[in-house]
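A short write-up of the structure that comes next.
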Protein chains: 2
Amino acid sequence: MSLIFSRQCEYAIQSVLYLALKHHGEMTSIRELAQRLDIPYHFLGKILQSLTRKGLLLSHKGPAGGFALGMPPQDITLFHIVEAIDGTDFTRMCVFGFSECNDTNPCSVHEQWSVLREGVYQMLISKNIAAMAKDTKQPAFRIASGMSNVSL
Amino acid sequence: MSLIFSRQCEYAIQSVLYLALKHHGEMTSIRELAQRLDIPYHFLGKILQSLTRKGLLLSHKGPAGGFALGMPPQDITLFHIVEAIDGTDFTRMCVFGFSECNDTNPCSVHEQWSVLREGVYQMLISKNIAAMAKDTKQPAFRIASGMSNVSL
DNA sequence: AGGTATTCAGACTTATTTATCTGAAATATA
DNA sequence: TATATTTCAGATAAATAAGTCTGAATACCT
Ligand code: FES
Ligand code: FES
């Protein structure tokens, strides 16, 4: 198989986006996220904990507890999430699997790949979560796999 | 971790490229490939067998046996190799992990991703192995991880 | 205070990928 | 024909990723 990001990372992106659709300060439980996004409950718990430790989310225990964004949605980009879950190795990786990817000792698709990789990076930092949430409120966009749009 | 292609696939690419540097019809053993490219011997054996079954390589048993390209290097692209090892699912995958990636029900980075994905596809089909082998003969390029250039 | 709903922490299981081992089949060469 | 060298096939093992379970800690509510 060949992926871009790990499944954990995909779940993390979906969850943060879902939280960004909620009103400021509103708490959302793992249960709700897991149901609505079709993510295994306990697995999601772990992922949200990681994001919380990194400061991307904040959490609160007890009834009426749950998770919410840990910083303003304007300040969160996909790159933050990817960085927190998968790390940023992909910015240094060679298509051929060679150890170091650099201009002085390139493989034969290095030039093309460098451009594409920069494109991926731009995709990850250019849009913040607030903007993506706004997109997602339009009916044409979707938050979860099957669902188009979402009613919270 | 986040990768583009599986490790098997990276090994496959390196191996096919190495074989393309050999004279037409020359047989290369798993042993030589494994040593020069620093790939686990038996694991590489499996991978080369897969490529052989797909017709990308041809193999011959016995002393002076080994592997060679199964078609003219001008006709082999990276896409053939990726297709044989990892499959082509990545051409249909959504960055957010949603089930179907399409224009009618997009996620909020679908537009950017579609462009990038097409770029990856072009990278994989635009250069054939013969051209890449020619690149690799220049001292600035490298065939194996540490090695710059290669003396066969 | 007591009951309930939630996150948190850690051990555990399962699935997938990567890697290894063993021996059989094929083939060149002496 | 005998021997050595190679690929081939299938089982096995180790490493990593994905997912599950249990109970403790925390906080709300009556
Ligand atoms: S050296 Fe291979 S992609 Fe840069
Ligand atoms: S729908 Fe997400 S990348 Fe196409």
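Chain A is the first sequence line, chain B the second, and so forth, proteins listed ahead of strands; every chain is numbered from 1.
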Subject >> Closest approach of A/Ala130 to A/Gln74 (non-hydrogen atoms, all atoms of both residues) >> reply: CB-N, 3.9 Å
Subject >> For B/Leu21 against B/Ala133, the heavy-atom pair lying closest together >> reply: CD2-O, 3.5 Å
Original post:
Want to settle it: does B/Thr52 or A/Gln8 sit nearer the 5' end of DNA chain D, counting the closest nucleotide to each?
Top reply: B/Thr52
[X] side chain N/O closer than 4.0 Å to the phosphate oxygens (OP1, OP2) of [N]?
X	N	result
A/Ser59	C/dC8	yes
B/Tyr11	C/dT18	no
A/His60	D/dC28	yes
A/Ser29	C/dA5	no
A/Arg53	C/dC8	no
A/Tyr41	C/dT7	yes

How long is the line joining [atom1] of [X] and [atom2] of [N], in whole Å?
X	N	atom1	atom2	value
B/Arg7	D/dA14	CZ	P	18 Å
A/Gln49	D/dT26	CD	P	14 Å
B/Leu57	D/dT7	CG	P	12 Å
B/Glu32	D/dT7	CD	P	11 Å
A/Lys46	C/dT14	NZ	C1'	16 Å
A/Ile85	D/dA17	CD1	C1'	13 Å
A/Leu33	C/dT7	CG	C1'	13 Å
A/Ile39	D/dT20	CD1	C1'	16 Å

Subject >> Test item: B/Ile85 and B/Leu51 side chains (from C-beta on) under 4.5 Å apart, heavy atoms >> reply: yes
Original post:
Can you find a heavy atom in the side chain of A/Leu19 that is under 4.5 Å from one in the side chain of A/Phe67?
Top reply: yes
Polar atom pairs (N or O), protein with nucleotides 23-25 of chain D, under 3.5 Å:
none

Original post:
Hey, does A/Gly45 reach any base, or is it just sugar-phosphate, or nothing, if we go heavy atoms under 4.0 Å?
Top reply: nothing
Original post:
Reckon B/Ile30 touches a base, only the sugar-phosphate, or nothing at all at heavy-atom distances under 4.0 Å?
Top reply: sugar-phosphate
Original post:
What residues form a side chain to side chain contact (heavy atoms under 4.5 Å, CB included) with A/Ala64, not counting sequence neighbours?
Top reply: none
Kindly point out which of [options] is positioned nearest to the side chain of [X]?
X	options	value
B/Pro63	D/dC8, D/dA4, D/dG19	D/dA4
B/His42	D/dG19, C/dT20, C/dT18	C/dT20
B/Phe43	C/dA19, D/dA27, C/dC8	C/dA19

Original post:
Can you list the other members of the hydrophobic cluster that holds A/Leu58, where links are side-chain heavy atoms under 4.5 angstrom apart?
Top reply: A/Met27
Subject >> B/Val16 and its side chain to side chain contact (heavy atoms under 4.5 Å, CB included) partner, picked from B/Ile129, B/Leu56, B/Leu48 >> reply: B/Ile129
**OP:** Quickly, which of B/Glu111, B/Glu118, B/His110 forms a side-chain hydrogen bond (donor to acceptor under 3.5 Å, both in side chains) with B/Ser114? Name it, please.
**Re:** B/His110
